[in-house]
Number of protein chains: 2
Amino acid sequence: MQRRRSVRSAANSKKGRRVPSAKMLALDQLDNHLGYFVRRLQIWVFQDFVDTLNPMRVRPAQYSVLLVIAANPGNSQAAIGQTLGIERARLARMLDELERRKWVARANGSDARSHSLYLTPEGEKALAKIKRLAARHEARLAAHVGVKRHAQLMALLREFG
Amino acid sequence: MQRRRSVRSAANSKKGRRVPSAKMLALDQLDNHLGYFVRRLQIWVFQDFVDTLNPMRVRPAQYSVLLVIAANPGNSQAAIGQTLGIERARLARMLDELERRKWVARANGSDARSHSLYLTPEGEKALAKIKRLAARHEARLAAHVGVKRHAQLMALLREFG
DNA sequence: TATTGTTATACTCTATAACTATA
DNA sequence: TATAGTTATAGAGTATAACAATA
């Protein structure tokens, strides 16, 4: 269900196409758009997260869902989705996958329309491993942007929202 | 080819499903991941960009390509793609679309394998309008995160990447 | 009537592979 | 043999709509 390890980490490998020393062109107005830099950083983060978490085959959105279920057991799909900004149709299919892997269980709540979400014991164990890998990713990210800049960015973005 | 104006800006409209005052759950470790905040901000930026640029039907990646072609006329697809980190297969199809709209022209370069990219006069005119809308988006973004924070984030990210 | 969750469709973006035509 | 560009396929993520069961 998941793509195999990214080739990025194996750049210039026997199979990989040689990457010529990137000719960088003028960015013009792009240099004045915060969104451009945010996007470039976000792509790096996403890629490194996927590579680092590859042993557990977990993607960023799945990780966020597992964390929020673990921290708020018994909540509905609607609550999880609203917290993380994940669309309910997408979350339903994501939970199908997490349930298939026996990490998450959908129980029946008081309101018969909704499900109460929990991690299974197996899910708790998996999440412990996942958290260790996620911490490793975060350390790489800090090294990538610079430890000081990482702290400054974190402070600015956290106080914002 | 492009989706109609997002419903987000028309939240709680007659057709839209009512959004209950979002119940926010504990984020746990997510609060220590820079990538989480970057991702949330990136989603806002992307959505606002698409909404603001909707009159010209231009998406962020298209905008970046138009800008870089305009600032570096005559370059190859490979050079544009490397500068912006856009995969060549994706760029080829994006240029098909921009050529179809008569904004971009692919000329033959010295090397018969490559194309030299230019904006057409029509493309130049369109880009002028697009730049005005993009500036409006950037002002909204600054208001959204706070003008001071916007400047701080810009400085941090620009000096980094 | 409104909400929760589900299924389905369509489009964007990313990742790959295979192909052509050149070099 | 390698490069520039194209075409094709698959998966993730997002946006919508429509539906069943329940409130």
Side-chain angles (χ1 to χ4, degrees), chain A residues 1-12 14-20 23 39 42-43 46-47 49-51 57-62 64-65 75-82 84-97 99 106 108-117, chain B residues 1-20 39 42-43 46-47 49-51 57-62 64-65 75-82 84-97 99 106 108-117:
Chain A
M1 211 58 37
Q2 189 144 353
R3 163 178 302 104
R4 72 162 210 278
R5 186 179 187 80
S6 158
V7 204
R8 207 180 58 102
S9 46
N12 292 2
K14 52 185 159 36
K15 288 207 66 181
R17 185 177 294 269
R18 209 183 116 261
V19 175
K23 180 184 182 187
R39 175 74 177 140
Q42 204 262 315
I43 288 170
F46 202 90
Q47 189 61 63
F49 188 97
V50 171
D51 288 351
R57 297 292 195 285
V58 171
R59 318 251 320 159
Q62 294 174 315
S64 68
V65 167
N75 270 278
S76 68
Q77 297 185 191
I80 303 287
Q82 281 160 36
L84 290 171
I86 297 173
E87 211 275 321
R88 62 201 180 129
R90 165 110 192 89
L91 185 56
R93 274 169 314 188
M94 226 170 85
L95 289 173
D96 288 346
E97 169 69 8
E99 213 173 21
R106 287 191 253 222
N108 287 332
S110 47
D111 186 331
R113 289 173 302 182
S114 73
H115 296 151
S116 296
L117 301 173
Chain B
M1 210 55 43
Q2 191 143 351
R3 164 177 301 104
R4 72 162 209 279
R5 185 177 189 82
S6 158
V7 204
R8 207 178 59 100
S9 44
N12 295 1
S13 73
K14 53 184 158 35
K15 289 207 62 179
R17 185 177 295 267
R18 208 184 117 260
V19 175
R39 174 73 177 142
Q42 203 262 315
I43 288 170
F46 203 90
Q47 190 60 64
F49 188 97
V50 170
D51 288 350
R57 299 290 194 286
V58 170
R59 318 248 321 158
Q62 294 174 316
S64 68
V65 167
N75 270 278
S76 68
Q77 298 183 193
I80 304 286
Q82 282 160 37
L84 290 171
I86 298 173
E87 211 276 321
R88 61 199 181 132
R90 165 112 193 88
L91 185 57
R93 274 169 315 187
M94 227 170 82
L95 290 172
D96 288 346
E97 168 70 8
E99 213 172 23
R106 288 192 251 221
N108 286 332
S110 47
D111 186 330
R113 290 172 302 182
S114 72
H115 295 152
S116 296
L117 300 173

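Only heavy atoms go into these numbers, but all of them, side chains included; no hydrogens, no water, no symmetry mates. So that the names make sense, note that chain A is the first sequence line, chain B the second, and so on, each numbered from 1.
- Comparing atom distances between the B/E87 side chain and each of C/dC13, C/dT16, D/dA23 picks out C/dT16 as nearest.
- For the residue pair A/Q62 / A/R57, no side-chain donor-acceptor distance below 3.5 Å is found, with atom types taken as modelled.
- At the phosphate of C/dT6, OP1 or OP2 sits under 4.0 Å from a side-chain N or O atom of A/R106.
- When the C1' atom of D/dG5 is taken as reference, atom CD of B/E99 falls 12 Å away, rounded to whole Å.
- In this structure, A/D96 atom CG and D/dA12 atom P are separated by 13 Å, rounded to whole Å.
- The shortest non-hydrogen separation linking B/G109 to B/S116 is CA-OG, 3.6 Å.
- Partner A/V65 forms a side-chain contact (heavy atoms from CB on, under 4.5 Å) with one of A/V58, A/L84, A/L117 and no other, that one being A/L84.
- Atom CG of A/L91 is separated from atom P of D/dA15 by 15 Å (rounded to the nearest Å).
- Note: CZ (A/R57) to P (D/dG11) measures 14 Å, nearest angstrom.
- In terms of phosphate contacts, B/Q77 brings a side-chain nitrogen or oxygen within less than 4.0 Å of OP1 or OP2 of D/dT6.
- Comparing A/F46 and B/A89 by the nucleotide of DNA chain D whose heavy atom lies nearest to each, the residue mapping closer to the 5' end is B/A89.
- With rounding to the nearest 0.5 Å, the separation of CZ in A/R88 from OG in A/S76 is 12.0 Å.
- Remark: the B/R113 side chain and the D/dT3 base include a donor-acceptor N/O pair separated by less than 3.5 Å.
- As a whole-Å value, the separation of B/F49 CZ from C/dT12 P is 15 Å.
- Residue-to-nucleotide proximity on DNA chain D shows that, of A/I86 and A/A112, the 5′-proximal contact is made by A/I86.
- Taking only side-chain nitrogens and oxygens, A/Q47 comes nearer than 4.0 Å to OP1 or OP2 of C/dA15.
- Proximity of B/F49 to B/R59: side-chain heavy atoms (C-beta onward) are nowhere separated by under 4.5 Å.
- Take the nearest nucleotide of DNA chain C for A/A79 and for A/R39: the residue whose nucleotide is more 5' is A/A79.
- Among the nucleotides D/dA8, C/dC13, C/dA8, the one closest to the side chain of B/R93 is D/dA8.
- Distance B/H115 NE2 to C/dT22 C1': 11 Å, rounded to the nearest Å.
- For B/R88, the side-chain atoms get nearest to D/dG5 when compared with the rest of C/dC13, D/dG5, C/dT4.
- Residue B/I43 places its side chain closer to D/dT14 than to any other of D/dA8, D/dA4, D/dT14.
- The separation between B/M94 atom CE and C/dC11 atom P is 18 Å, rounded to whole Å.
- Rounded to whole Å, the distance from CG on A/L95 to C1' on C/dT7 is 15 Å.
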